[in-house]
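Heads up: the structure comes next, in structure tokens.
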Amino acid sequence: MKKQYIYIFALCACISNTVDGNAQSAKDSTLNRELLLEKEYNPIVRDANKINKLPAVEAPKANKTKIVYSDYSTFASSKNQINNLQAGSIMSDYEFSKKFGYITLGGGNLLNLTGNLGIKMLNNDNNVLGIEVSHNSTNGNVDYTDNIKSLSRTDDTKLKINDNLVNLFYKGYFNSFNLSTNLSYQYNRFNYYGWRESFLEIAPPALMEDPAMQTNQRINFDIAANTSVNSPIKYEGNLGFSMFKMDEPGINELTVNLGGGFSTRLNSENWRFGFKAGMKGVLYSGDYYNIDSFENIGKVELLPSFIYDNEDYVKAELGVKADYAFGVGPHIGIAPDVNFDWQFVDNFFLYSTIKGGIDVKTINNITNFCRYYNQYGNLNKNPYTLADWTLGFRSNAVNGFWFDIYGGLSHTLNEFSFQSMIESQYDSSKGIIAGKNYLSSFSEDVTKYKIGTLLKYDYGSTLGLSLKLQKNGWSTESKEALSYAPGFEAVFNAVLRPIKQLVFNVNYNMFAQRKARIGIHRSESSNSSDPSIEIVDEFKYSIVDLDNVNDLSIKASWLFNNTFSIYASMNNLAISKYDIWYGMPNQGFNFLVGGTIQF
């Protein structure tokens, strides 16, 4: 999920450069990342619950479209595995911000359940105060893919997920500055449902009994402020912290972020000078017996830049980012920070970005992106991107249609990558089998490229189409494929409104040429003195091919009035079987029905 960094310190200095590069990223992903088809917990997006009113059909207009950068994902992002899409995503123009609150409920097969509540206790031109509550869960059987069935005596396993979020938020709009703050609590409970290798030659397949459960909890707080007037000097600042607790193996992580900056107008009306500063600290504690293997880490970053804005024609920011990290290296990093947007002819744009720097990974961010991540010690090194360059050309000269053609190249030292770990233990004296399928991480130097196109067409409020095609490639230090990265990805979305009350959504995702790096650890312990019992402790790595992802879903929403709507979605209509992570299959065909009340 992409994390927003909000700013405080009305007098602190401005453009807070988020020190927190998310695993959720390049951009918080982006671990941007992984192939996440599962619904990694999605906090409610305010003003995204646009529900009960459709605008009249109108002729398409050629509006100037904001430049959209298509982020290369080490891991392609897709929609969730549970597929509990909310009725609030039906793409109407009636916003939650215009209502006091909403309730949406839904349920389907495989015990897929979703529920959301949003209430604004205060909502006027100057102040917005509200609370959001969200629940998503599943508790149904899923079938292993054919590749895993050939290794196991069990054809299915039970997938359990129970996600809950409570968020209190405030936004204030004052004469000279804006203020915003959020306080949230997140509870995630789930099982490690993936296939785990067992000693089939010495024990019955009891391994497939209820896998180990995990509980992750988060408390997040942030507060931010920025000047709201076009003054010669502008300020921004932010302060935030998050407390993360992983029950197994008993790790507590506290992350503190502080940032601020300013920009001032130079002699020319179009030029400004900006300076950003940020600081991040990560502290570990807990009852994990090897907690000393976690070293406290942090980073300080500085970003001076020159900003040019010639209204509708040229916008550019030329900066250099300097990082100093402690606890885990590399400790010093210098990288460009450049943004360029040029409208050389009406409705024709050339754009480019060059980014880089040291990225401090936290367990909080990584597990919020991939819940099955379970690291038992610090990452050895921080990822350090020397440069990540994207160049693109786009246009919306034709009414209702725009296209984007882009390419990119990046080089990262110690690139963060996921690897699947298959643990299996056997106690010969007790006849007990235990094990777990989870994800850990490894690092290596990676050079990546991307070439792609993004097409979009809208006909008023009646029809909306979009198509993304992207080819990815890489060269790694180990000469192996980048684990879980798709070599090709295609995403198609369509919205059709044949009449005012009825909305259809069609979504198709395809990710191909995926490979996974897996490690299998087989161990056996025994209290027996029988010399004929051989003690086993072996560990091996391998690279395996994963099935292509083909995910098709259709959703229909019926809007009775401005208050009440219902929806039904059918997911995985292609009846496609694939591993999200190695040995962790997706759900088969599933459906979800529900309704929304907005008041």
Is there a donor-acceptor contact under 3.5 Å from the side chain of Glu253 to the main chain of Ile363? yes

Between Ser475 and Thr447 (side chain of the first, backbone of the second, donor and acceptor by atom type, cut-off under 3.5 Å), is there such a pair? no

Is any side-chain heavy atom of Phe244 closer than 4.5 Å to a side-chain heavy atom of Asn365? no

Verify the distance criterion only: is there a donor paired with an acceptor across the side chains of Ser440 and Tyr376 at less than 3.5 Å? no

Indicate whether any N or O donor in one side chain lies under 3.5 Å from an N or O acceptor in the other, for Gln375 and Ser441. yes

Step by step, would you call Lys448 with Thr412 a side chain to side chain donor-acceptor pair (under 3.5 Å)? CA-CA 8 Å; Lys448 299 175 289 189; Thr412 301; 4.8 Å; no

Checking Asn364 against Arg218: is there a side-chain donor and acceptor pair closer than 3.5 Å? yes

About how many Å separate CD1 of Ile366 and CG of Leu439, when rounded to the nearest 0.5 Å? 11.0 Å

What distance separates Asn414 CG from Thr385 OG1, expressed to the nearest 0.5 Å? 10.0 Å

Can you list the steps and then say if Leu302 with Tyr324 is a side chain to side chain contact (heavy atoms under 4.5 Å, CB included)? CA-CA 9 Å; Leu302 303 175; Tyr324 175 73; over 6 Å; no

Taking the six-membered ring for Trp and the single ring otherwise, decide whether the centroids of Tyr406 and Tyr351 are under 6.0 Å apart. no

Report the distance from atom CG of Leu391 to atom CH2 of Trp389, rounding to the nearest 0.5 Å. 5.0 Å

Compare all side-chain heavy atoms of Pro330 with those of Asp323 and state whether any distance is below 4.5 angstrom. no

Gap between atom OG of Ser443 and atom OH of Tyr384 - 0.5 Å precision: 15.5 Å

Ala494: which residues meet the side chain to side chain contact (heavy atoms under 4.5 Å, CB included) condition with it, sequence neighbours left out? Leu465, Phe492, Val506

How about Ile543 and Arg517: do any of their side-chain heavy atoms sit closer than 4.5 Å? yes

How about Thr353 and Asp388: do any of their side-chain heavy atoms sit closer than 4.5 Å? no

Given the rule in the side chain to side chain contact (heavy atoms under 4.5 Å, CB included) test, do Lys234 and Asn226 qualify, once you have shown the distances and angles that lead to the verdict? CA-CA 8 Å; Lys234 298 180 179 180; Asn226 67 283; over 6 Å; no

State, yes or no, whether a side-chain contact exists between Asp222 and Asn238 at a heavy-atom distance under 4.5 Å. no

Classify the angle between the aromatic ring planes of Phe262 and Tyr235 as parallel (below 30°), tilted (30 to 60°) or perpendicular (above 60°). tilted

Check: Phe442 main-chain N/O paired with Ser417 side-chain donor or acceptor under 3.5 Å: no

Check: Ile358 main-chain N/O paired with Lys299 side-chain donor or acceptor under 3.5 Å: yes

Using the salt bridge (charged side-chain N to carboxylate O under 4.0 Å, His left out) criterion, which residues pair with Lys577? Sequence neighbours excluded. none

For the residue pair Ile422 and Tyr582, establish whether any side-chain heavy-atom pair is separated by less than 4.5 Å. yes

With a 3.5 Å distance limit and no angle check, can you tell me whether Asn586 reaches the backbone of Ser576 through a side-chain donor-acceptor pair? yes

Asp545: which residues meet the salt bridge (charged side-chain N to carboxylate O under 4.0 Å, His left out) condition with it, sequence neighbours left out? Lys515

Should the pair Phe340 and Trp342 be assigned to parallel (<30°), tilted (30 to 60°) or perpendicular (>60°) ring geometry? tilted

Can you classify the ring geometry of Tyr308 versus Trp271 as parallel (below 30°), tilted (30 to 60°) or perpendicular (above 60°)? tilted

Please check: side-chain N/O of Asn220 versus main-chain N/O of Ser184, any donor-acceptor pairing under 3.5 Å? no

Under the criterion side chain to side chain contact (heavy atoms under 4.5 Å, CB included), I'd like the reasoning laid out for Asp309 against Asn270: C-alpha separation, chi angles, the key distance, then a yes or no. CA-CA 5 Å; Asp309 188 349; Asn270 296 326; 5.7 Å; no

Donor-acceptor side-chain pairing of Glu489 and Asn472 below 3.5 angstrom: yes

Derivation of the side chain to side chain contact (heavy atoms under 4.5 Å, CB included) call for Met421 and His521: CA-CA 8 Å; Met421 300 299 297; His521 182 205; 5.6 Å; no

Would Tyr193 and Tyr372 count as a close aromatic pair, with their ring centres under 6.0 Å? yes

Non-neighbouring partners of Phe221 that pass side chain to side chain contact (heavy atoms under 4.5 Å, CB included), sequence neighbours left out: Thr181, Leu183, Ile223, Phe241

Does one side chain, of Tyr313 or Gln343, offer a donor that lies under 3.5 Å from an acceptor on the other? no

Does the side chain of Gln587 come within less than 4.5 Å of Asn571's, by heavy atoms? no

Ala387 backbone acceptor or donor facing Ser410 side chain under 3.5 Å: no

How would you list, by chain and number, every residue that makes a salt bridge (charged side-chain N to carboxylate O under 4.0 Å, His left out) with Lys381, sequence neighbours excluded? none

Asn550 vs Tyr508, side chain to side chain donor-acceptor pair (under 3.5 Å): CA-CA, chis, key distance, verdict: CA-CA 7 Å; Asn550 287 284; Tyr508 174 71; 2.6 Å; yes

When you measure from the side chain of Thr367 to the backbone N and O of Cys370, does any donor-acceptor pair fall under 3.5 Å? no

Has Asn548 got more than 12 heavy atoms of other residues, nucleotides or ligands less than 6.0 Å from its CG? yes

Residues passing the side chain to side chain contact (heavy atoms under 4.5 Å, CB included) test with Leu573, sequence neighbours excluded, are Leu552, Ile554, Met570, Phe589

Are Tyr578 and Arg514 close enough that some pair of their side-chain heavy atoms sits under 4.5 Å apart? yes

State the CG-CD1 distance between Leu159 and Ile580, to the nearest 0.5 angstrom. 7.5 Å

Compute whether any side-chain donor of one residue and acceptor of the other, for Ser305 and Lys276, lie under 3.5 angstrom apart. no

Hey, can you tell me if Phe416 and Tyr373 have their rings parallel, tilted or perpendicular (30° and 60° cut-offs)? tilted

Can you label the angle between the Tyr192 ring and the Tyr438 ring as parallel, tilted or perpendicular, going by 30° and 60°? perpendicular

Between Asn339 and Glu317 (side chain of the first, backbone of the second, donor and acceptor by atom type, cut-off under 3.5 Å), is there such a pair? no

